[in-house]
Amino acid sequence: AQTVTQSQPEMSVQEAETVTLSCTYDTSESDYYLFWYKQPPSRQMILVIRQEAYKQQNATENRFSVNFQKAAKSFSLKISDSQLGDAAMYFCAYTYGGATNKLIFGTGTLLAVQP
Amino acid sequence: EAGVAQSPRYKIIEKRQSVAFWCNPISGHATLYWYQQILGQGPKLLIQFQNNGVVDDSQLPKDRFSAERLKGVDSTLKIQPAKLEDSAVYLCASSPLDRDGINEQFFGPGTRLTVL
């Protein structure tokens, strides 16, 4: 069964600093997709970044980047130049796509940004 | 474009009562998902529709939960009768059909249910 593990329940970072959130997953599939979602206190989940497993190049979206290690089944999120608006719950998620496209989420990491 | 709409935003009921949640997906999105997010956990898929057909309802407690998506547009999720452990945020998401199967899911604001 596919599982997603986030071992850091809470993290804190100073404004303008860099923080890395960890995620590991377990799957027997060779093709799959990984995501980081942000859920601010208002609860609307938004996609931050995604990675296709067949791509060796790590995905980047502005201040957000990932370190995808397929052999280690690791998928960490790096936030550079942290801003107050980055404070939120961050969820790592996995899907192998196909007909169901069901997202399997980790338990989340609550990120606090200190001014 | 308008996002995924959900109502109500909050609901408090007593155990054994029934409750219904409504979701209107983004216009044109063929796939609709209902997730249950219990406090301290990540969302868990309850049911997935493609147009008005069910794709996956393997984790839906069918003895008390039901869902429908008439005409392949908006959807209703019902709980009858509610139990204390149903207290959670119920998230609706939608996604467009994508030829390569990588469908970004867009989430609504959720409905927070408290069962007393």
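In what follows, every chain begins at residue 1, and chains take the letters A, B, ... in the order their sequences are listed.
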Answer with yes or no whether the hydrophobic clustering places A/V48 together with A/L84; edges join I, L, V, M, F, W, Y residues whose side-chain heavy atoms lie under 4.5 Å apart.
yes

Can you measure from NZ (A/K102) to CD (B/Q48) and round to the nearest 0.5 angstrom?
9.0 Å

Interatomic distance, CD1@B/I38 vs OG1@A/T107, rounded to 0.5 Å, equals 13.0 Å

Neighbour count above 12 (heavy atom, 6.0 Å) for B/D63 CG:
yes

When the 4.5 angstrom heavy-atom criterion is applied to A/L103 and chain B, the contacting part is both

Using the rule ring-ring contact (aromatic ring centres under 6.0 Å, His included), only one of A/F91, A/F105, A/Y37 pairs with B/Y35; which is it?
A/F105

Verify the cluster assignment for B/V115 and B/L46: are they in a single hydrophobic cluster under the rule of side-chain heavy atoms below 4.5 Å apart?
yes

Would you compute the distance between atom CD of B/Q105 and atom CG of A/L47 and round it to the nearest 0.5 angstrom?
10.0 Å

Indicate if B/L60 and B/V55 have the same hydrophobic cluster label, given that clusters are the connected sets of ILVMFWY residues with side-chain heavy-atom separations under 4.5 angstrom.
no

Carefully, step by step, assess A/Q39 and B/Q37 under the rule side-chain contact (heavy atoms from CB on, under 4.5 Å).
CA-CA 12 Å; A/Q39 189 177 43; B/Q37 186 177 13; 3.1 Å; yes

With a 6.0 Å cut-off (strictly less than), is the heavy-atom count around CG of B/L39, excluding the residue itself, greater than 12?
no

B/V89 reachable from B/L77 in the ILVMFWY side-chain graph, under 4.5 Å edges:
no

Select, from B/G110, B/G108, B/S95, B/P43, the one with the greatest count of heavy-atom pairs under 4.5 Å involving chain A.
B/P43

Minimum heavy-atom distance between B/V4 and A/Q44, given as atom pair plus value:
O-NE2, 4.4 Å

Around atom CD of B/E85, are there more than 12 heavy atoms of other residues, nucleotides or ligands at under 6.0 Å?
yes

What part of A/Q6 lies closer than 4.5 angstrom to a heavy atom of chain B: side chain, backbone, both or neither?
neither

